[in-house]
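To start, I am sharing the structure in question, which I have written as structure tokens.
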Amino acid sequence: METGSEQGASRAVKVMEWVRQYVNDKQFTLVLAFFIGLFASIAAFVLHWLIREIQMLLTAGFNIASANWLYLVFPVVGIYLTSLFVKYVVRDNISHGITRILYAISSKQSRLDSHNCWSSVIASAITIGFGGSVGAEAPIVLTGSAIGSNLGKFFKLDNKMLMLLVGCGAAGAIAGIFKAPIAGLVFTFEVLMVDLTMASLLPILTASVTATCFTYFFVGTDALFSFHLDEAWRVERVPACIMLGIFCGLVSWYFIRMMNACEGVFAKMNDHRYGKLLLGGLILSSLIFFFPSLYGEGYSALNILLNGKTEADWNVILNNSMFYGSDKLILYVALVLLTKVFATSATNGGGGCGGTFAPSLFIGGFGGFLFSRLWNLHQIGVYVPEKNFTLLGMGGVMAGVMHAPLTGIFLIAEITGGYQLLIPLIIVAVSSVVTISIFEPHSIYAMRLAREGKLITHHTDHSALTLMSLDSVVERDHAAVSPEMPMGRLVHVISQSHANFIPVLDEAGTLLGEVDITKVRHVIFRTELYQKLKVDQLMTPVAATLRVNDPMEDVMRKFEETHANVLPVVDVNSYLVGYVLRSRIYSMYRKMVADLSAE
């Protein structure tokens, strides 16, 4: 009897045989890209529908003229339910969705677990629906990428094709969420670092357009953010745009640094699950109680800033808070801007599931509005429309946080129909990225992997090294000897070995040195020394040792520095794992570069 997995594999083989007969590789890739875009748009629709229904169920009867104490309860309940779902149903870490995609590309041959096709949708719907101050975009991007990865695995495609399908899933997810096909395309190239070639352009664009079209079919033609340009951009506002870009870069720096600091606090509490829940829930619920704009993704608050024209219009944002009816709009906006990062960190740190995509848009919008209000109140220069600068701020902070200026530019232009502001969007996005690059060389998604040397970039040589796995080239078949072994027995071991080196280990398996056969040839045939000399008198120190998890750049550098042909690999306890041949690594490197360079 065949098992379910064997039957699935058999069906995949039959499908592939039919495909190879009637469809070429490029056509098959486009067909897969179409279905990936379709499934990604469905996932985005389902997630946003769940979030909307949960929020309406929980907050429909709230009094807009006062604070509501249930804001203290709902977020904690949402985080707790999410943590239970992850622990007992998913049984895997699904946080930091985009970082997990980058990790899968660099370290797991673009293979994502099958549960990622649905687990992030459910977990983030619970978290955000109950008020978690995070975004739905990263979970959907992880879902779309997982769909692409698992389709590729089902059809037994190679690693390079899997990477492309992961990119199609990410592009389809962004396009499906925002109805922004160009933003989905450039997001894949800028953030996931999938190379822009003719072989990758058409499938990714197909997935993006497919997801966008089906999203229009599911939810209609309305944009995610409603925006109407009342006053066209003028060249006199270039200084203000540059200053806003610098301000957005500094806000991005604040966001990244504070996010990392807060995550570090929660990471130290990994062994105290309920302590994390208590701390995260307390911070989140308290902040939402004082600042209801922090509830959920916060897109309704952004729409208020994007469509207001007068103080009365913007004051709607104070509803449901203790600031209601006051004239402290600027103070409220500034406090929300500063506290959003803590609300987001508390949501994820306490056990919730969500991304930083929406928070960066949120903070950018509030930052752009705050900048323009202060600019106009103090009459620093030419008047700047608050709603326009709210929009520009969204693009600026997103570009800074992600180190992705094109994504920030086209996403904001597409989701608002604000192409009339394309020039100032470019100015703000570029100024923001230049500013943040002074302080942070990597995006919020890439910095964790960059520290480990596992970040894929558009540099072919570097990407080849990152994609290479040291574990795959380690030769574990070696005959070891002890330091007390007589030379006579050593000669017998040498006669049975095909290598030019014999590792010397103590009783615990720790590497002490090695016997280089080429260096003991002058005594190996002197039988009178067989019982006089021992291994510890013949062994030499190893030129260098490699660790199992060493980045390949470090491995290559050690070979260059030592001029060695072979180096041992040890674990964290210095126990010998095996040996790596220089020639084998260079052979793999040349093949990887050739694969990456091929269309």
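Just so it is clear, the model here is predicted, and its values are computed rather than measured.
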Note to self: For T143, run the side chain to side chain contact (heavy atoms under 4.5 Å, CB included) check against S119, S124, S120 and tell me which one passes.
What the structure shows: S120
Notebook entry, point to check: What closest approach, in Å, do F342 and C262 show between heavy atoms, and which atom pair accounts for it?
Noted result: CD2-SG, 3.7 Å
Next item on the list: Report yes or no: does S372 contribute a side-chain atom to a donor-acceptor pair with the main-chain N or O of P385 at less than 3.5 Å?
Entry: no
Checklist line | For E53, all residues meeting salt bridge (Lys or Arg N to Asp or Glu O under 4.0 Å), sequence neighbours excluded | finding: none
Notebook entry, point to check: Where do I147 and F35 land on the side chain to side chain contact (heavy atoms under 4.5 Å, CB included) test, with the steps shown first?
Noted result: CA-CA 9 Å; I147 291 170; F35 282 104; over 6 Å; no
Item checked: Close aromatic pair by centroid cut-off 6.0 Å: F357 and F178 -> yes
Checklist line | Check against side chain to side chain contact (heavy atoms under 4.5 Å, CB included), L157 and F28 | finding: CA-CA 11 Å; L157 302 180; F28 183 58; 4.3 Å; yes
Item checked: Shortest non-hydrogen contact between Y254 and L338, atoms and distance -> OH-O, 2.6 Å
Next item on the list: Apply salt bridge (Lys or Arg N to Asp or Glu O under 4.0 Å) to K179 and list each qualifying residue two or more places apart in sequence or on a separate chain.
Entry: none
Notebook entry, point to check: Are L32 and M161 side-chain neighbours, meaning at least one heavy-atom pair lies under 4.5 Å?
Noted result: no
Checklist line | Heavy-atom closest pair, residues A125 and L50 | finding: CB-CB, 3.8 Å
Next item on the list: Mind telling me whether W253 and F439 have parallel, tilted or perpendicular rings, with 30° and 60° as the class edges?
Entry: parallel
Item checked: Distance-minimising heavy-atom pair for A240 and V384 -> CB-CG1, 3.8 Å
Margin query: Checking F218 now: which residues fulfil ring pair (Phe, Tyr, Trp, His ring centres under 6.0 Å) with it, not counting sequence neighbours?
Written below: F45
Item checked: Residue list, ring pair (Phe, Tyr, Trp, His ring centres under 6.0 Å) with F247, at least two apart or on another chain -> F371
Notebook entry, point to check: What's the shortest heavy-atom distance between M259 and V341, and which atoms?
Noted result: N-CG2, 3.7 Å
Next item on the list: Could you tell me whether the side chain of T127 and the main chain of G132 form a donor-acceptor pair under 3.5 Å?
Entry: no
Check: Between I317 and F366, is a side chain to side chain contact (heavy atoms under 4.5 Å, CB included) present by the stated rule, with each step listed?
Finding: CA-CA 11 Å; I317 207 171; F366 272 67; 3.4 Å; yes
Checklist line | Separation between CZ of R52 and CD of E297, rounded to the nearest 0.5 Å | finding: 11.0 Å
Check: Are T188 and I174 side-chain neighbours, meaning at least one heavy-atom pair lies under 4.5 Å?
Finding: no
Notebook entry, point to check: Can you check whether N303's main-chain N or O pairs, donor with acceptor, with N307's side chain at less than 3.5 Å?
Noted result: yes
Note to self: Between N116 and L142 (side chain of the first, backbone of the second, donor and acceptor by atom type, cut-off under 3.5 Å), is there such a pair?
What the structure shows: no
Note to self: I'd like to know if the side chain of Y295 and the backbone of G129 have a donor-acceptor N/O pair within less than 3.5 Å.
What the structure shows: yes
Next item on the list: Side-chain contact test, heavy atoms from C-beta onward, threshold under 4.5 Å: evaluate it for K340 versus S293 and give yes or no.
Entry: no
Contacts table for residues 389-413: side-chain donor-acceptor under 3.5 angstrom, sequence neighbours left out:
unit_1 : atom_1 : unit_2 : atom_2 : d
T390   : OG1    : E386   : O      : 2.8
H403   : NE2    : E440   : O      : 3.1
H403   : NE2    : H442   : O      : 3.2
T407   : OG1    : E190   : OE1    : 2.8

Next item on the list: Taking ring pair (Phe, Tyr, Trp, His ring centres under 6.0 Å) as the test, write out the residues that go with F369, two or more places apart.
Entry: W314
Notebook entry, point to check: Is there a donor-acceptor pair under 3.5 Å between the side chain of S145 and the backbone N or O of V166?
Noted result: yes
Note to self: Tell me whether E137 contacts the main-chain N or O of G355 through its side chain, where contact means a donor paired with an acceptor under 3.5 Å.
What the structure shows: no
Check: Is there a donor-acceptor contact under 3.5 Å from the side chain of N388 to the main chain of W233?
Finding: no
Notebook entry, point to check: Considering all heavy atoms of both residues, which atom of A171 and which atom of S208 are nearest to each other, and what is their separation?
Noted result: CB-OG, 3.3 Å
